[in-house]
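Since this is a predicted model, take the numbers as computed values, not measurements. Letters A, B, ... mirror the listed sequences (proteins, then strands); counts begin at 1.
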Amino acid sequence: MEKGFSPVGLRVLVVDDDPTWLKILEKMLKKCSYEVTTCGLAREALRLLRERKDGFDIVISDVNMPDMDGFKLLEHVGLELDLPVIMMSVDGETSRVMKGVQHGACDYLLKPIRMKELKIIWQHVLRKKLQEVRDIEGCCYDVGADWFTQAQFLGGGEDVSFGKKRKDFDFEKKLFQDESDQSSSSKKARVIWSYELHQKFVNAVNQIGCDHKAGPKKILDLMNIPWLTRENVASHLQVKLYPSL
DNA sequence: CAGAAAATAT
DNA sequence: GATATTTTCT
């Protein structure tokens with residue numbers, strides 16, 4: 001077991017596409033005397049992690065990022081590096097939290113995040129290390145298929161009435177699909193058109209001017225946002241230009 | 001590739 | 001249930 005484990009200097013990698021949160025988290029984490037590294041792109045994070053194997057102790061990542069689903073990142077990290085990963089998002093939607101945990105997140109934080117919560121994240125690092133020791137010492141786990149029963153229980157948790165077997169079944173079906181199908185290739189993350197982003201959009205449209213045709217392609221180029229797709233712009237354009245339809 | 005419309009997700 | 005965003009189809 002680690003003799004002198006200390007939360008001080010814990011190497012934390014923070015991943016969030018929102019630069020504001022990145023700054024805030026960095027500041028908070030540093031106050032906790034952690035060593036902080038931040039990055040705004042999931043891919044970048046993955047690159048850093050691969051580049052400096054054993055260079056971080058824990059990862060804190062936002063769930064929905066435009067360039068890559070946070071779950072995918074979580075999966076890769078857990079698989080390739082076996083580091084504890086904490087997921088975070090603004091909403092506490094049950095299905096997503098569940099998904100995060102199922103995919104190996106050691107914790108799920110809700111924004112806004114408080115110091116209190118960050119101060120104790122080192123426990124996950126320690127816990128993981130202790131767990132590894134146990135595993136090595138040969139402790140057998142009964143990997144019973146109880147999760148299925150539990151999922152059923154959780155699924156019906158919000159609606160505890162009988163006679164809804166059909167619905168429950170569908171729910172389980174979805175869970176299964178999550179586990180198998182897209183386990184490696186997650187769905188496209190939704191783009192959140194923040195004021196800032198919309199601003200860039202408008203800017204681009206203006207730059208193109210009234211004389212030229214402001215097609216999604218050109219707008220996209222002018223916005224110069226790496227992870228944004230033409231479709232994203234197209235749909236946004238559709239709504240902003242023909243609000244009534 | 002652009003635009004409309006249908007499908008989903010939040 | 002309304003709204004926001006994605007996917008599908010022409």
Quick one: I192(A) CD1 to dT10(B) C1', roughly how many Å, whole number?
-> 10 Å
Given atom CD1 of I219(A) and atom C1' of dG3(B), what is their separation to the nearest angstrom?
-> 13 Å
Of K213(A) and R190(A), the one whose closest DNA chain B nucleotide lies more 5' | K213(A)
Donor-acceptor contact present, side-chain N206(A) to main-chain N203(A), <3.5 Å = no
Ion pair check, K111(A) and D18(A), cut-off under 4.0 Å = no
Are the charged groups of E44(A) and R47(A) less than 4.0 angstrom apart, N to O?
-> yes
Distance in angstrom units between L220(A) CG and dA2(B) P, rounded = 10 Å
Figure out the NE2/C1' separation between H198(A) and dT5(C), and round it to whole Å.
-> 14 Å
Which class fits the ring pair W193(A) and H236(A): parallel under 30°, tilted 30 to 60°, perpendicular over 60°?
-> parallel
When the distance from OH of Y195(A) to P of dA4(C) is rounded to whole Å, what number comes out?
-> 17 Å
L237(A) side chain: which of dT6(C), dG3(B), dC1(B) is closest?
-> dG3(B)
Give the rounded distance in Å between these two atoms: CD of E231(A) and C1' of dC9(C).
-> 13 Å
So, is S235(A) near the phosphate of dT6(C), with a side-chain N or O under 4.0 Å from OP1 or OP2?
-> yes
Mind checking what makes side chain to side chain contact (heavy atoms under 4.5 Å, CB included) contact with A42(A), not counting sequence neighbours?
-> M65(A), D67(A), M68(A), L73(A)
Return the nearest nucleotide to the side chain of V239(A); candidates are dT5(C), dA5(B), dA2(B).
-> dT5(C)
Using a cut-off of strictly less than 4.0 Å, decide whether R230(A) has a side-chain nitrogen or oxygen near OP1 or OP2 of dA2(B).
-> yes
Reckon N232(A) has a side-chain N or O less than 4.0 Å from the OP1 or OP2 of dT5(C)?
-> no
Here the distance between atom P of dA4(C) and atom NZ of K240(A), to the nearest Å, is 7 Å
Separation of atom NE2 in H236(A) from atom P in dG3(B), rounded to whole Å | 15 Å
